[in-house]
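Throughout, a chain's letter reflects where its sequence line sits, starting with A, and its residues are numbered from 1. Values below: every heavy atom of this structure, side chains too, minus hydrogens, waters and symmetry copies.
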Amino acid sequence: MENREKIIEIANKYRWEIGENIHDAILESIYSSASNITSKVVNKIGEKSKFNWDKWIDKIVTGKLTGFPIMFVMLAIVFWITISGANYPSKFLSWILIDNIHPYLKSLALSLSFPNWIVGLSIDGAYLATAWVVSVMLPPMAIFFPLFTLLEDFGYLPRVAFNMDFLYKKVGAHGKQALTMTMGFGCNAAGVVATRIIDSPRERLLAIITNNFSLCNGRWPTQILIATIFIGGAVPNYLAGIASSAAVVFIALLGVTFSLIVSYFLSNTVLKGEASSFALELPPYRPPRILQTIYTSLIDRTLIVLWRAIVFAAPAGIVIWLVSNITINNISLAEYFINWTNPFGFFIGLNGVILLAYIIAIPANEIVIPTVLMLTVLTNKLSGYGSGAGVMFELDSIQQTEYLLRAGGWTLLTGVNLMLFSLLHNPCSTTIYSIYKETRSLKWTMISTLLPILMGFTICFLVATFWRAL
Amino acid sequence: MIYIFLLIIILMAIVLLQQSSFIKNRNKNYQKRLVEDSLKHIYDCEHKKIDSTSLSLSGSLSLSKEKTTKLIQSMLQKHLIKTSGNKLSLTDEGKNYALQVIRIHRLWEKFLAENTSVQEYDWHKIAEIEEHKTSIENANKIAAQLGNPFVDPHGDPIPNEKGELIFQETVSLNEVKENNFVKVEHIEDEPKEIYQRIFGYGIFVGSILLVKKKSDEKIFLELNGKEISLSIVEADNINVSYVTDFISEDVIPLTSLNIDESGIISFISNGIRGQQRRRLLDFGILPNTEITARMKSINNDPTAYEVRGTLIALRKNQSDLIFIKKKEV
């Protein structure tokens, strides 16, 4: 015991003498002996010319005149490949899973004389929602993530963060947030997971919370569809194409603006004291390892996200089927809810159908429109569309969709507000789950979930009020 | 009807009861804070060798005379202080208590400096609140996490668990003769305005200063190769120790390197601390390392530097605090 005291005393004396900067000193000596050893045993041949090649690329991709155009062109190419490339596999999967397997399963189950509700619950509910999520989610992710990872592997993405940092510094965030945000355009859940590249805790939280403001893959089709019907329909024919695509781009840019504003707001209020550090590695360029990249990005990103989506999709499918099929006095639960929320929906320029669709289609933004269509048919007692209560569907032509929505009471205001609400609402359950996994904090998960939806309600309300006043 | 009436009365009773216990609790905490703050005040006076009286106490706590008298009475009862004439002094028990509070305060300041990005001028304010709330066990946990530090970020010694603390011999910056190198050991954190101005100059605990010239109102210093002048009031809040083995070098901040110019890192200012500092060290940004500016982003910030064959981008607020010797080509 006496010895122990003595040792501690001596240790304390030394610590006092050595002072505070002991860590610096130790690291310095480790580094210097390491570099001594390497200078003895490592021969550097041809190192010089390789570095010059790097410098040449750097000069172009971070140049003041060339940096941004290259960045936009690269991103545009990635998105174009994703959207046009995903179309065919998506159609194919949907043809197999929804057009063929679904009716087959259903007739099989009926021929085995299962009770109706079991068939509905499992095949129209759980199976259909899962199949839908897989067929619309898988192809774009399977194309976008490998492309993105290839750019990362090549060494280009850190340069984008370097170029964009000036903007993010102003709002108290990290330049790498530009990358996680872009990743969010593919999928918010993947964007949230990708924030691991940000090593500073405060900036990482900012990136996680604001990722939902990137319009994800599941929301682009909604935006395009609604813009084509309502914005395109509101202007003369020859302007329709331009006006509707401008509207979609505007919404996407609005999302980027919101992510910056919210970052600024958070970094100056709730996140003010969180630890922060900035340093950005710019690794040397190297030829991307294509096969390995495709493999790892499929395993690490695509399949993980897809699995999480499926886990939530099946139960949500059951809920969707149940609310449309359980009836009290011949009126379904869905209709009760829709009638009950319609006044509030009207108040913010939407309607009860949209509100219910966003609640029960929480596993993926991809199934919002099919759910909206199904609920519209259900509440307005339209016949000749879809295949019954609780069975999601999509229509082949835009004209039919437009007819259906207008029959459901939609106006230009509903369209505009749906586009805004699609940008500003709670993240899908997959993303919420990923946020919880990454932050391990209920508080930040709640904030990331509630903040966008509150903003959505506020903005939709303001738009609706001004619209009606004009 | 009567039933509802009864229910309302019961509800009101519950609310009232809760409120009164809440007020009681708050009152108890308020009393604890007053006692702890007075012990700190008396300790501070004893340390500075000035007399503390009930008058100085009421001034420091901004408390009315009657309340101060009552407070002193209660502390006397608890054997925390003793009086001789007008003068107040701490009993052994009181001194231990005071040191415990000071320990928690300084640990908190150290914690805020190392583990958060709370601004320098907010440390004191937060520590003032937390010192009354943190239990001794939690303070020990914080201390262990920080590696049982000896000094807080202002250079004040942190008492150990037993309340022992080591004082360092320092002099006020105003007492230093011209042409002497000194190391900043302590910066007084009150009043906040002066403290804010001092670190605005880039002076941190651990900075090396050369006293160049002194006048009646000002003191002229060289800091990191740059000349600055401090008012006497500002200099009075800085305590220093003499350094004899310091070799003056012409250092410039890393920021002033142009593209493709190189330098050898001389030191990293103590203004970079905690996680930021560890991050830089991890990258091998250390004294005696060669560093070359390679490219600048838009607005010239951040700048990418080549260190040990790797490119690392740093923001200006960091590279301002890294000092180098320029390498002649």
Side-chain angles (χ1 to χ4, degrees), chain A residues 8 11-13 15-16 19-32 34-35 38 44 47 51 54-55 58-59 62-64 67-68 155 158-159 161-167 169-170 172 174-175 199-203 267 271-284, chain B residues 112 114-119 122 126 147-151 153 155 157 160 164 166 168 205-206 260 265 267-268 270 272-289 294-306 308-318:
Chain A
I8 291 175
N12 278 343
K13 197 181 120 233
R15 279 181 52 208
W16 180 253
E20 290 267 287
N21 282 344
I22 173 99
H23 286 110
D24 296 24
I26 291 175
L27 263 175
E28 197 187 334
S29 74
I30 290 173
Y31 264 101
S32 69
S35 67
T38 46
K44 286 183 185 173
E47 189 87 335
F51 201 74
D54 271 24
K55 262 167 85 176
D58 269 340
K59 214 162 243 167
T62 67
K64 283 188 178 139
F68 282 104
R159 271 73 181 180
F162 182 71
N163 282 343
M164 297 296 289
D165 188 63
F166 77 102
L167 204 62
K169 190 191 171 192
K170 280 192 190 133
H174 196 295
D199 46 30
S200 166
R202 183 177 79 149
E203 280 76 358
S267 64
L271 283 170
K272 206 173 170 198
E274 295 280 329
S276 153
S277 74
F278 177 87
L280 177 64
E281 284 164 280
L282 300 170
Chain B
L112 293 171
E114 290 294 321
N115 288 11
T116 70
S117 52
V118 171
Q119 293 292 317
D122 286 332
I126 296 174
N148 294 312
F150 286 111
V151 284
N160 67 11
E164 303 160 339
I166 311 165
Q168 219 178 345
V205 171
D260 289 337
I265 296 174
F267 61 93
I268 300 170
N270 282 1
I272 298 183
R273 55 170 74 82
Q275 195 179 11
Q276 272 194 49
R277 193 178 188 91
R278 286 193 292 276
R279 204 66 197 128
L280 290 184
L281 299 181
D282 287 345
F283 280 128
I285 300 178
L286 292 158
N288 296 319
T289 310
R294 281 299 178 202
M295 53 188 188
K296 284 179 193 262
S297 177
I298 289 120
N299 287 352
N300 294 330
D301 190 25
T303 306
Y305 297 96
E306 189 191 333
R308 300 175 199 273
T310 338
L311 273 182
I312 292 156
L314 298 176
R315 281 183 183 165
K316 191 173 176 301
N317 55 3
Q318 287 172 303

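Side chains of A/Glu28 and B/Asn288: a donor on one and an acceptor on the other come within 3.5 Å.
The residue among B/Asp282, B/Leu281, B/Leu314, B/Ile312 with the most heavy atom pairs within less than 4.5 Å of chain A is B/Leu281. In terms of non-hydrogen atom pairs under 4.5 Å with chain B, the most contact-rich of A/Lys272, A/Lys64, A/Lys169, A/Lys59 is A/Lys169. Of all the listed residues (B/Leu280, B/Leu112, B/Asn148), the one sharing the greatest number of non-hydrogen pairs under 4.5 Å with chain A is B/Asn148.
For chain A, no part of B/Arg278 is nearby; none of its heavy atoms comes within less than 4.5 Å. The contact between B/Arg315 and chain A is made by backbone and side chain atoms together, counting heavy-atom distances below 4.5 Å. For B/Asp301, the parts lying under 4.5 angstrom from a heavy atom of chain A are both the backbone and the side chain. Neither the backbone nor the side chain of B/Asn160 comes within contact range of chain A, judged by heavy atoms closer than 4.5 Å.
Residues A/Met164 and A/His174 fail the side-chain proximity criterion, which asks for heavy atoms closer than 4.5 Å. Looking only at side-chain heavy atoms (C-beta outward), B/Gln276 and A/Phe278 stay at 4.5 Å or farther from each other.
Under the 3.5 Å distance criterion, the side-chain polar atoms of B/Ser297 are matched with a main-chain donor or acceptor of A/Phe162.
Here the options are B/Glu306, B/Arg294, B/Met295, the test is side chain to side chain contact (heavy atoms under 4.5 Å, CB included), and the partner is A/Leu282; only B/Met295 passes.
Shown here is B/Lys316, whose NZ atom has no more than 12 heavy atoms of other residues, nucleotides or ligands within 6.0 Å.
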